[in-house]
Amino acid sequence: AVFMVESQLEDLNGDRQKLKKSLDKSFILLKLHSLKTQQKLLQSAIKQAETTGDKEKLSELNKKFASIISLRMSLEKSI
């Protein structure tokens with residue numbers, strides 16, 4: 001990881017601000033990927049809760065899903 005950062009810094013002619021922006025964007029993209037994976041897992045769990053009629057679990061999962069959507073939207077706006 002250190003080599004990658006040093007390499008990027010060289011590619012950006014030592015401009016630390018550009019490097020920071022590049023690293024921040026990479027971090028956000030990584031978080032977005034993680035959130036998308038969590039959403040897929042939650043969608044499966046929601047379908048299962050619907051199938052079994054577990055209203056309490058369904059409510060809990062829907063709240064988590066809404067929270068992830070909110071976080072994802074704010075991250076997508078920042079790139």
Side-chain angles (χ1 to χ4, degrees):
V2 173
F3 176 74
M4 182 191 79
V5 172
E6 289 172 347
S7 177
Q8 280 187 323
L9 188 55
E10 284 178 20
D11 291 346
L12 297 171
N13 297 320
D15 189 335
R16 291 186 181 272
Q17 278 299 104
K18 285 184 181 177
L19 177 63
K20 183 180 179 333
K21 285 183 182 181
S22 175
L23 292 174
D24 286 346
K25 183 176 179 179
S26 294
F27 181 69
I28 288 170
L29 292 173
L30 182 63
K31 285 184 88 170
L32 284 170
H33 178 72
S34 174
L35 290 173
K36 288 177 186 178
T37 301
Q38 288 178 41
Q39 279 183 293
K40 287 179 185 177
L41 293 172
L42 278 172
Q43 285 174 329
S44 295
I46 287 169
K47 286 179 186 177
Q48 185 177 8
E50 287 173 339
T51 302
T52 61
D54 190 343
K55 292 181 181 182
E56 187 176 320
K57 184 74 170 175
L58 184 59
S59 176
E60 176 189 331
L61 293 169
N62 280 325
K63 287 178 185 177
K64 285 181 183 179
F65 193 82
S67 173
I68 289 174
I69 287 175
S70 177
L71 179 56
R72 184 177 164 189
M73 287 175 59
S74 69
L75 287 172
E76 287 175 344
K77 287 179 184 178
S78 68
I79 29 181

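Since the structure is predicted, the reported quantities are computational estimates derived from the model, not experimental observations. Heavy-atom basis, side chains included; hydrogens, waters and symmetry copies ignored.
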What residues, two or more places apart in sequence or in another chain, satisfy side-chain contact (heavy atoms from CB on, under 4.5 Å) together with D24? K20
Do N62 and L58 touch side chain to side chain, with heavy atoms closer than 4.5 Å? yes
What pairs of donor and acceptor atoms, side-chain ones from residues 27-36 against any protein atom, are under 3.5 angstrom apart with sequence neighbours left out?
| unit_1 | atom_1 | unit_2 | atom_2 | d |
| --- | --- | --- | --- | --- |
| S34 | OG | Q38 | NE2 | 3.4 |

Is a donor on one side and an acceptor on the other found under 3.5 Å between the side chain of S26 and the backbone of S22? yes
Scan residues 68-79 for pairs that pass side-chain hydrogen bond (donor to acceptor under 3.5 Å, both in side chains), counting only residues two or more places apart or in two chains. Q39-R72, R72-E76
State plainly whether one hydrophobic cluster holds both L23 and I79, where clusters connect Ile, Leu, Val, Met, Phe, Trp and Tyr through side-chain heavy atoms under 4.5 angstrom apart. no
To the nearest 0.5 Å, what is the distance between CD1 on I46 and OG1 on T51? 11.5 Å
Could you tell me whether a side-chain N or O of S59 sits under 3.5 Å from a main-chain N or O of E56, the two making a donor and an acceptor? no
If you count every heavy atom of other residues, nucleotides or ligands that lies below 6.0 Å from Q48 atom CD, does the total exceed 12? no
For K21, give me all partners under salt bridge (Lys or Arg N to Asp or Glu O under 4.0 Å), at least two apart in sequence or on another chain. none
Can you name the residues that form a salt bridge (Lys or Arg N to Asp or Glu O under 4.0 Å) with E60, not counting sequence neighbours? K64
Can you name the side chain to side chain donor-acceptor pair (under 3.5 Å) partners of K18, sequence neighbours left out? none
Starting at CG of L41, measure out to CG of L61 and round the result to the nearest 0.5 Å. 11.0 Å
